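This report refers to the structure that appears directly beneath it.
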2 protein chains.
Amino acid sequence: MSKRSTTLASLAAELGVSPTTVSNAYNRPDQLAPATRERILAAAAERGYTGPDPTARSLRTRRQGSLGVLLTEHLSYAFEDMASVDFLAGMAEASAGASTTLTLIPAGPDTAGAPNDAQAAQLVGSAAVDGFVVYSVAAGDAYLDAVQRRGLPVVVCDQPTDSGLPFVGIDDRAAIAPAAQALVDASHTRIGILAIRLHRERLDGEVTAAQLAAADMHVQRSRVLGALDVFAQAGLDPARIPVVTRHINDPRTAYAAAEELLTKHPDLTAVLCTTDSMALGVMAYARDHGIMVPEQLSVTGFDGIAPALALGLSTVVQPNKEKGAAAGRMLASLIEGRGEVPRVLLETTFHPGRTVAPVGA
Amino acid sequence: MSKRSTTLASLAAELGVSPTTVSNAYNRPDQLAPATRERILAAAAERGYTGPDPTARSLRTRRQGSLGVLLTEHLSYAFEDMASVDFLAGMAEASAGASTTLTLIPAGPDTAGAPNDAQAAQLVGSAAVDGFVVYSVAAGDAYLDAVQRRGLPVVVCDQPTDSGLPFVGIDDRAAIAPAAQALVDASHTRIGILAIRLHRERLDGEVTAAQLAAADMHVQRSRVLGALDVFAQAGLDPARIPVVTRHINDPRTAYAAAEELLTKHPDLTAVLCTTDSMALGVMAYARDHGIMVPEQLSVTGFDGIAPALALGLSTVVQPNKEKGAAAGRMLASLIEGRGEVPRVLLETTFHPGRTVAPVGA
DNA sequence: CTGTTAGCGCTTTCAA
DNA sequence: TTGAAAGCGCTAACAG
């Protein structure tokens with residue numbers, strides 16, 4: 001209480017032992033006499049010394065004991081999406097396994113060209129971590145650039161898919177096929193697509209083929225293209241399949257997107273969504289407007305989040321949590337120094353659910 | 001590439017300026033000639049120097065730029081509960097506001113008396129943070145002790161309620177009253193209660209009055225007692241109201257708990273749950289067993305998580321996200337040095353929903 | 001088993 | 001406007 005806080009050195013001095021000995025008492029219990037150790041720990045407790053200062057230790061050892069996580073856009077949106085929450089849960093598990101902490105970088109929204117590159121660099125540059133997992137960030141994102149410059153180990157998850165960095169994800173383009181196929185098998189021909197965030201720039205509404213081709217959010221783009229692959233294969237004209245998108249991913253927005261799609265195209269008999277959250281929005285909209293699912297409208301999703309599964313949504317299930325765990329483990333092993341550039345693709349499955357029915361059933 | 005990485009000092013040497021000047025280029029742009037600054041930044045970029053090392057800076061400035069968050073039990077369980085996810089989203093918002101990162105401490109399960117106090121102290125003691133928010137941790141928890149010993153600013157959220165530390169939460173005992181009252185008003189007399197985790201020690205199954213009185217998880221205890229208050233007031237004998245509890249909070253467990261309660265007490269006409277996740281479990285069980293809600297069974301929850309609200313659950317809504325934000329802001333301001341011991345109680349509201357109906361309706 | 005000696009990379013007075 | 005010096009608190013060699 002009286003003097004400025006106790007340090008390892010001051011403790012050592014008061015006890016008449018060397019700093020090394022005190023340090024060993026904490027870090028290498030087997031390197032000193034148990035009696036000495038007891039004496040040191042007792043004195044420490046008495047003085048309110050809780051052990052070596054983490055910062056000083058990190059400076060010396062060059063290890064932080066923390067994995068950085070960079071989520072797309074504003075963190076608080078990320079938490080609204082169950083898929084990213086599951087991902088984080090998986091990372092938490094991996095980090096507990098490595099007994100490190102998890103540092104979340106609260107990335108602000110990064111609109112392309114917006115002048116917040118400096119802030120990105122600043123936040124990323126000053127995070128006390130041993131490496132980063134970058135989750136579902138747009139190609140060319142300022143935060144991603146900053147992370148790469150930082151020079152620490154990095155694992156990219158989901159996207160961008162072409163960064164050349166260690167990667168964990170799924171094959172989105174192939175993964176969505178069974179959902180699209182289910183619609184085709186049910187004889188649907190008037191199908192709409194609902195996607196979130198195809199571009200870094202805000203872009204809400206119906207998307208042109210050119211815009212789709214230029215989309216820089218790889219995951220969403222792959223899913224839309226994967227669905228169109230299947231529809232084209234089935235003889236449908238991709239140009240006649242409306243694609244509506246929204247920048248923000250939350251329930252209200254999903255509802256509005258569903259409304260736009262179904263109002264502009266009242267003849268649709270099926271909606272393929274690139275996320276479950278969107279599909280949930282469609283179902284909410286349908287319920288509110290007396291549209292029976294699947295009798296009058298078939299709906300498919302993507303992700304396999306709990307609420308969607310609980311509602312019996314026909315959807316592609318991806319192992320979100322396992323993805324987080326895999327990314328976390330991969331990062332931990334890169335930090336350990338096993339330095340290959342691995343690329344892990346996880347499996348997905350189609351959950352038939354009960355929201356797809358033959359046309360006019 | 002060639003030599004060991006660039007440091008502020010080496011950069012300064014190569015440029016023939018002093019370390020101070022380079023430091024100023026990053027930290028006090030107004031303290032040096034713009035031209036000098038440009039030159040320094042350019043040279044830095046060229047050499048791949050991304051700015052002052054965060055650890056060294058922290059050691060020097062004694063600030064970490066990160067808020068620590070301590071969640072109960074295994075982090076990955078925490079993520080399964082939407083209420084804590086919402087809380088985290090709120091904290092993320094507050095931390096973005098303070099432009100700090102968020103450090104999650106992956107607390108392992110802390111059974112009372114288990115010998116992991118050392119690990120707790122270790123994890124908490126070595127986290128590079130400026131303070132902690134402790135979320136819903138049992139009274140006497142080893143992690144909480146470790147946090148207190150660490151001597152950094154701390155904000156307690158939800159529980160324990162009697163720590164004397166800065167606090168953010170709700171009045172759980174009063175908050176649950178409207179839910180209980182709704183059941184009473186609907187003339188229910190055969191009511192069961194489902195709660196999670198009343199004690200630190202694992203305890204699954206029906207709880208005795210003595211066990212309830214000794215519960216060290218304040219929040220759950222308060223909610224159960226608050227409900228019993230109302231029932232007693234209405235002339236029901238608390239001793240005849242079964243309380244079933246589960247240690248782990250996940251959908252499967254909730255389902256099992258519902259099954260236990262309704263199997264042991266088939267005459268129940270209503271179940272009051274102390275969390276929405278439990279209530280969801282009851283509804284799932286009811287659906288699977290052909291029990292109509294609310295016609296044959298009334299159900300109430302607590303929390304107001306999105307999936308529950310979407311299903312029309314009659315529940316007490318608490319501002320989870322706002323709670324996280326309030327805790328984060330309070331911690332940030334304590335770190336800034338505004339050092340009172342505040343105590344914030346947030347408001348709750350009862351969401352009538354449609355899962356309560358008169359007996360035998 | 002314990003001690004001595006050097007920094008880890010940075011910021012901060014204080015001077016020039 | 002820039003520089004010199006002095007540590008922040010710790011651990012890793014290397015001796016003893």
Side-chain angles (χ1 to χ4, degrees), chain A residues 3-41 43-44 47-65 122 125-130 150-152, chain B residues 3-41 43-44 47-65 122 125-130 150-152:
Chain A
K3 35 184 54 178
R4 216 68 199 107
S5 63
T6 315
T7 69
L8 186 147
S10 75
L11 219 199
E14 289 188 52
L15 285 170
V17 299
S18 82
T20 309
T21 303
V22 179
S23 176
N24 283 338
Y26 287 96
N27 303 315
R28 301 154 169 222
D30 50 316
Q31 296 297 298
L32 79 175
T36 322
R37 177 156 192 262
E38 283 312 318
R39 196 160 61 90
I40 292 173
L41 263 28
R47 263 153 262 242
Y49 179 75
T50 30
D53 180 279
T55 311
R57 168 200 258 133
S58 290
L59 177 58
R60 190 60 242 242
T61 60
R62 310 271 63 201
R63 294 193 104 265
Q64 309 297 143
Q122 148 74 16
S126 63
V129 299
D130 295 314
R150 179 89 186 262
L152 295 175
Chain B
K3 33 185 52 174
R4 216 67 198 106
S5 65
T6 315
T7 70
L8 187 147
S10 76
L11 218 198
E14 289 188 50
L15 285 171
V17 299
S18 82
T20 310
T21 303
V22 178
S23 175
N24 284 338
Y26 286 96
N27 303 315
R28 303 157 166 216
D30 51 316
Q31 296 297 297
L32 78 175
T36 321
R37 177 156 192 263
E38 283 313 318
R39 197 160 61 90
I40 292 172
L41 262 28
R47 265 153 259 242
Y49 179 75
T50 30
D53 180 280
T55 311
R57 164 191 269 147
S58 291
L59 177 57
R60 191 57 240 243
T61 61
R62 309 270 65 200
R63 295 191 105 265
Q64 308 298 142
Q122 147 76 15
S126 64
V129 299
D130 295 314
R150 179 88 185 262
L152 295 174

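In what follows, chains are A, B, ... by sequence order, proteins preceding strands, each numbered from 1. Small disclaimer: the values here were computed from a predicted structure and weren't measured.
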- Message: Check the phosphate of C:dT2 against A:Thr21, side-chain N and O only, distance under 4.0 Å to OP1 or OP2. Yes or no?
- Response: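 Negative; the distance criterion is not met.
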- Query: A:Thr36 side chain N/O closer than 4.0 Å to the phosphate oxygens (OP1, OP2) of C:dT2?
  - Reply: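 Checking C:dT2 against A:Thr36, a side-chain N or O does come within under 4.0 Å of OP1 or OP2.
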- Item | Nearest heavy-atom neighbours spanning A:Leu8 and A:Pro52 |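 Looking at all heavy atoms of both residues, the closest pair is CD1-CG, 4.4 Å.
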- Query: What does the inter-axis angle of the helix from C:dC1-D:dG16 to C:dA16-D:dT1 come out as, five pairs per end, nearest 10 degrees?
  - Reply: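 Rounded to the nearest 10 degrees, the bend comes out at 20°.
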- Message: Salt bridge or not between B:Asp30 and B:Arg37? Use side-chain N to carboxylate O under 4.0 Å.
- Response: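 Looking at B:Arg37 together with B:Asp30, the answer is no, because their closest N to O distance does not fall below 4.0 Å.
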- Message: Looking at A:Arg62 and B:Asp53, is any side-chain nitrogen of the basic one under 4.0 Å from a carboxylate oxygen of the acidic one?
- Response: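 Looking at A:Arg62 together with B:Asp53, the answer is yes, because their closest N to O distance falls below 4.0 Å.
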Check whether [X] reaches the backbone of [Y] with its side chain - one donor and one acceptor, N or O, closer than 3.5 Å.
{"X": "B:Thr21", "Y": "B:Val17", "value": "no"}
{"X": "B:Arg60", "Y": "B:Ala56", "value": "no"}
{"X": "A:Asp130", "Y": "A:Arg63", "value": "no"}

- Task: May I ask you to test the B:Ser10-B:Thr7 pair for a side-chain heavy-atom distance under 4.5 Å?
- Result: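 The answer is yes; the side chains approach within 4.5 Å.
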- Query: Does the side chain of B:Ile40 reach to within under 4.5 Å of the side chain of B:Leu32, using non-hydrogen atoms?
  - Reply: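 Result yes, sub-4.5 Å side-chain heavy-atom pair found.
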- Message: Between P on C:dG9 and OH on B:Tyr26, what's the gap in Å once rounded to a whole number?
- Response: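 The answer, rounded to whole Å, is 15 Å.
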- Query: To the nearest Å, how far apart are B:Arg63 CZ and C:dG9 P?
  - Reply: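 For the pair B:Arg63 CZ and C:dG9 P, the rounded distance is 24 Å.
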- Nucleotide by nucleotide, 5' to 3', does protein get under 4.0 Å of the base (B), only the sugar-phosphate (S), or neither (-) in nucleotides 8-16 of chain D, counting heavy atoms? BBBBBB---
